[in-house]
Each structure stands twice: as C-alpha cells, then as structure tokens.
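Beneath this line is the structure, given in structure tokens, with notes to follow.
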Amino acid sequence: MKAGIVGLPNVGKSTLFNCLSNAKAQSANFPFCTIEPNIGVVNVPDARLQKLEALVDPERVLPATVEIVDIAGLVKGASKGEGLGNQFLGNIRETDAILHVLRCFNDDNIIHVDGSVDPIRDKETIDMELQLKDLETVDKKLDKVKRAAKTGNKEAQKEEAVLLKLKTGLEAGTSVRAIELFKDDREEFVKPLQFITDKPVMYVCNVDEDAAATGNEYVDRVKAAVAQEDAEVVVLAVGTEADITELETYEERQMFLEDLGLEEPGSAKLIRGAYKLLNLETYFTAGVKEVRAWTIPVGATAPQAAGVIHTDFEKGFIRAEVIAYNDYVQFGSEAKVKEAGKMRVEGKEYIVKDGDVMHFRFNV
C-alpha cells in the first residue's frame, strides 16, 4: 500500500520526502530505507510498540511500515502531457492514497510557479488536472458501454447511468470521491477503473517555523475549503522538520520541538495519518524472540491477519489466542493475562481489532 506525495513545483514535496528519509536520525524508532530513488518504506511511529518492548524485553522489535512515493511536480496542462504530466499521472495512479502538499508560507527567495502564494488556487490547479484525466477515463469507458447498452443489456445500461453521473460531476469540478453514488455501484463500476480523484486524500499544509504549532491564515483557508471533502489536514513546517533531523542527539531534537511548542515531530503525525488514510491498522505478536507490529486492512478476519505472517497460517488456521492491548499492559505479561482470564480464544469469523496481541494456532 502506497501513499503518493503530490503538489505543484516548489511547495516542499521533495524536502518532505527527504525529511522522512532522514527520520532515522530523529529516533531509532523511525528508520527509513530507500528502495528506489523515489519510493521509501517508512516505519509507522507507535508508542504501543515501545510499551510492549519494555514489558517483553525481546531480542528485536519490528514496527509496521508504509510506502511513501515522491511524485514529480505537476504543472497546468499535465492531463494533456505538459511538463512531466504523463509520468506524474502514471505514478499517482499506482498509489492508494494522496498526500497533497500545499505551500502555506511566504518566502521571497522561493519562487512560486504562479507568481504568488495561494494554496486554494494551487489545490484547484491540481484537482482540475486530476479531474480532467479521470474525465478522459470516463469517456473511454462510456464509448464501450454505450454500444452494449443500446442492445438492451441491463447491466450495461446500469453502468452507463453511473458513468454519466461521474461525467457530469467531473465536468462540474467535483472529484470522484465526492460524487454521491450507491455503495454497490461504487464497488462494481467505479473501483475497477482506479480513478485518481477517487483516492483518499490528506492535505499537508507546509508552513514556516512560527506557524508549526498553531497554523496560520493560509491553513485556515485550506481547512475551510476542504471541509466538505472528509479529508484530513496536517500542518507541517517541512523546512524546520528537516533541520530537526540534522541534530545530533535525541535530547537536542526534543529541546528544538519544545521550543516550537510541539510534543513530537510533525512527520510522525503525517506517517500515522497516511497509515490511517490507507485504511490500515495494526495487530501485534509479542515473544522473547521479537515484538512485531503487523499491518492489516481495517476489518480483516483472524485468518486473514494470520496470512500476513505466512500463507500457511491462513490456510491451516485453527484458532487465534487474543489479548487486548490494554489488558496486556495492565497485567504486564501473557502469563498474568491468562491467570486473570483475559485471554480470549477466537475463531475464523473474528474481526481483528487495532492493537490486539495475537498468537495463532494452525495445522497444514
């Protein structure tokens, strides 16, 4: 599962990506390794993992991860191939969620491609290019579906009606994610087409150091503009975050954060937000060999969660022994949880809860 960083040129995308890439300098809990020039695998900060580590004292600790993709800057006309448009749109189509970076700071030394700072205009520029590309996808699909619909094919007629609704919405400047459709229609006709504007989005307001803790007028305007989108807004002083990662010691970094009025780096909030945006959650395994966070989609069953460890675990699933995270912390060990009667045995229908500490029984 990948989240793609998008935005106009010079809004702070690459600085943000590089800041995340240096996160290992911030704390041992935030390592990052680049697996391609523009793709990074970033650990998801999770205080629960540290708590379990303290209780279990394992040989190693492995956090959950999320992939972040740095995508080329967009310019007007990208949907028609201007600039790096085709590369940009091809890369973003392959991601599962969008981190849309908006410039929310003034600095005469950093040129803005449109000559002035206006995050709402910038947002609309990118939205329009993505919507135009999705409109192209709708039109191509409609050409095929209309022919089948004319023959009286009921399913094709149903799909045609959905596509026409999408076309109307996109032409009016509405992203696919915000167009009202029946859930079944969305699953059957919309999801397979992988519309760019159907992907969940988080707006990253890149501010200067003074606005890191409280935001500014630009941020307020962004929040008002996206209020109807069901999108998260994160405030991040990207340049300052990059400076923090350059500091030598954890103590120095904490002092810097305190001076800014922050409890933790904004990048940590962003990574957790991206994880949530991708509709992911975490369960844990905890033993003396390792304490590990495993990534699953929200709503995964116990066998599906077991399959993340190994496909054999899912195929031969018998049962799961489950401890709620809060119970594990309260009683301090697996043995004490058992003594208190707080360990549960769950079967194939069990929906895993975020934070469950699990042990699987299987037979292949």
Side-chain angles (χ1 to χ4, degrees), residues 1-4 6 66 79 89-100 120 123-124 126-203 222-233 273-281 295-305 307 348-354:
M1 301 288 279
K2 298 178 195 171
V6 307
V66 62
S79 58
L89 295 161
N91 287 341
I92 197 172
R93 199 180 290 283
E94 292 171 11
T95 65
D96 303 287
I98 296 170
L99 307 178
H100 187 159
I120 306 306
K123 173 191 176 303
E124 288 170 353
I126 287 196
D127 283 351
M128 185 174 70
E129 295 302 329
L130 301 185
Q131 287 160 4
L132 285 170
K133 200 66 183 175
D134 280 349
L135 193 54
E136 195 179 293
T137 303
V138 169
D139 285 338
K140 282 181 183 173
K141 186 68 175 175
L142 260 175
D143 284 344
K144 294 177 184 176
V145 172
K146 277 181 175 177
R147 288 194 291 271
K150 281 178 182 174
T151 67
N153 184 311
K154 297 290 185 190
E155 194 68 10
Q157 289 172 350
K158 191 176 175 185
E159 184 170 9
E160 182 185 23
V162 172
L163 290 170
L164 287 170
K165 190 167 186 181
L166 291 176
K167 183 177 172 69
T168 302
L170 286 163
E171 286 175 340
T174 305
S175 292
V176 171
R177 76 179 77 85
I179 297 171
E180 284 189 25
L181 294 167
F182 290 116
K183 187 178 178 183
D184 288 350
D185 288 345
R186 191 172 282 278
E187 285 293 323
E188 188 174 354
F189 303 124
V190 179
K191 285 257 176 97
L193 295 175
Q194 292 184 294
F195 290 110
I196 298 173
T197 65
D198 195 31
K199 298 178 190 296
V201 64
M202 176 196 294
Y203 295 98
V222 170
K223 287 180 176 177
V226 306
Q228 305 304 315
E229 286 192 36
D230 191 27
E232 191 171 345
V233 177
Y275 193 72
K276 185 179 175 186
L277 199 65
L278 291 164
N279 203 33
L280 302 174
E281 63 184 9
T295 300
I296 53 171
V298 172
T301 61
Q304 288 168 337
K348 292 182 178 180
E349 304 302 316
Y350 178 67
I351 303 296
V352 178
K353 295 179 178 62
D354 187 56

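All residue numbers refer to positions in the sequence shown, counting from 1.
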Next item on the list: Determine, stepwise, if the pair Lys158 / Phe189 fulfils side-chain contact (heavy atoms from CB on, under 4.5 Å).
Entry: CA-CA 9 Å; Lys158 191 176 175 185; Phe189 303 124; 3.9 Å; yes
Gap separating the [atom1] atom of [X] from the [atom2] atom of [Y], nearest 0.5 angstrom:
| X | Y | atom1 | atom2 | result |
| --- | --- | --- | --- | --- |
| Asp127 | His100 | CG | NE2 | 6.5 Å |
| Glu129 | Ile92 | CD | CD1 | 11.5 Å |
| Leu164 | Glu159 | CG | CD | 10.5 Å |
| Thr174 | Glu229 | OG1 | CD | 10.0 Å |
| Leu132 | Thr137 | CG | OG1 | 11.0 Å |
| Met128 | Glu124 | CE | CD | 9.5 Å |

Item checked: With Asp96, the side-chain contact (heavy atoms from CB on, under 4.5 Å) member among Leu278, Val66, Leu277 ->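 Result: among Leu278, Val66, Leu277, Leu278 is the only option passing the side-chain contact (heavy atoms from CB on, under 4.5 Å) with Asp96.
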Notebook entry, point to check: Do Val6 and Thr95 come within less than 4.5 Å of each other through their side chains, counting heavy atoms only?
Noted result: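 No. Closest side-chain heavy atoms not under 4.5 Å.
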Note to self: What I'd like to find out is whether the side chain of Val162 reaches to under 4.5 Å of the side chain of Glu188, using heavy atoms alone.
What the structure shows: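 When only atoms from C-beta onward are counted, Glu188 and Val162 do not touch, as no gap falls below 4.5 Å.
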Can you name the closest pair of heavy atoms from [X] and [Y] and give their distance?
| X | Y | result |
| --- | --- | --- |
| Asp354 | Glu281 | OD1-CB, 3.3 Å |
| Leu130 | Thr197 | CB-CG2, 3.6 Å |
| Ala149 | Glu160 | CB-OE1, 3.4 Å |
| Lys165 | Leu181 | CD-CD2, 3.7 Å |
| Val352 | Ala305 | CG2-CB, 3.8 Å |
| Ala274 | Leu99 | CB-CD2, 4.2 Å |

Checklist line | Test side-chain hydrogen bond (donor to acceptor under 3.5 Å, both in side chains) applied to Arg147 - qualifying residues, sequence neighbours left out | finding: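 For Arg147, no residue satisfies side-chain hydrogen bond (donor to acceptor under 3.5 Å, both in side chains) once neighbours in sequence are set aside.
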Margin query: Tell me every residue that passes side-chain hydrogen bond (donor to acceptor under 3.5 Å, both in side chains) with Asp198, counting only those two or more places apart in sequence or in another chain.
Written below: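 Listed in chain order: Arg186.
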Item checked: Residues that Lys223 engages under side-chain contact (heavy atoms from CB on, under 4.5 Å), provided they are two or more places apart ->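 Counting only residues at least two positions away or on another chain, Lys223 forms a side-chain contact (heavy atoms from CB on, under 4.5 Å) with Val219, Val233.
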Notebook entry, point to check: Are Lys167 and Glu171 within salt-bridge range, i.e. N to O under 4.0 Å?
Noted result: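 Salt bridge between Lys167 and Glu171, a charged N being under 4.0 Å from a carboxylate O: yes.
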Next item on the list: State whether Lys133 and Glu136 are salt-bridged, where the test is any N-O pair (Lys NZ or Arg NE/NH1/NH2 against Asp/Glu carboxylate O) under 4.0 Å.
Entry: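 Yes.
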Next item on the list: Kindly determine whether Thr301 and Ile351 satisfy side-chain contact (heavy atoms from CB on, under 4.5 Å), including the steps that lead there.
Entry: CA-CA 4 Å; Thr301 61; Ile351 303 296; 3.9 Å; yes
Next item on the list: Evaluate side-chain contact (heavy atoms from CB on, under 4.5 Å) for Leu166 paired with Val176, printing each intermediate quantity in order.
Entry: CA-CA 7 Å; Leu166 291 176; Val176 171; 4.1 Å; yes
Margin query: Looking at Ile196, is its backbone amide N or carbonyl O close enough to the side chain of Asp134 to form a donor-acceptor pair, meaning the two atoms are under 3.5 Å apart?
Written below: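 Confirmed, Asp134 side chain pairs with Ile196 backbone.
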Note to self: Is it the case that the side chain of Lys199 and the backbone of Arg93 share a donor-acceptor pair, with hydrogens and angles ignored and the cut-off at 3.5 Å?
What the structure shows: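 Looks like yes, one N/O pair under 3.5 Å.
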Next item on the list: Apply side-chain contact (heavy atoms from CB on, under 4.5 Å) to the pair Val190 and Phe195, showing each step before the final yes or no.
Entry: CA-CA 7 Å; Val190 179; Phe195 290 110; 3.7 Å; yes
Margin query: Ser175 vs Gln131, test: side-chain hydrogen bond (donor to acceptor under 3.5 Å, both in side chains). Steps then yes/no.
Written below: CA-CA 6 Å; Ser175 292; Gln131 287 160 4; 3.1 Å; yes
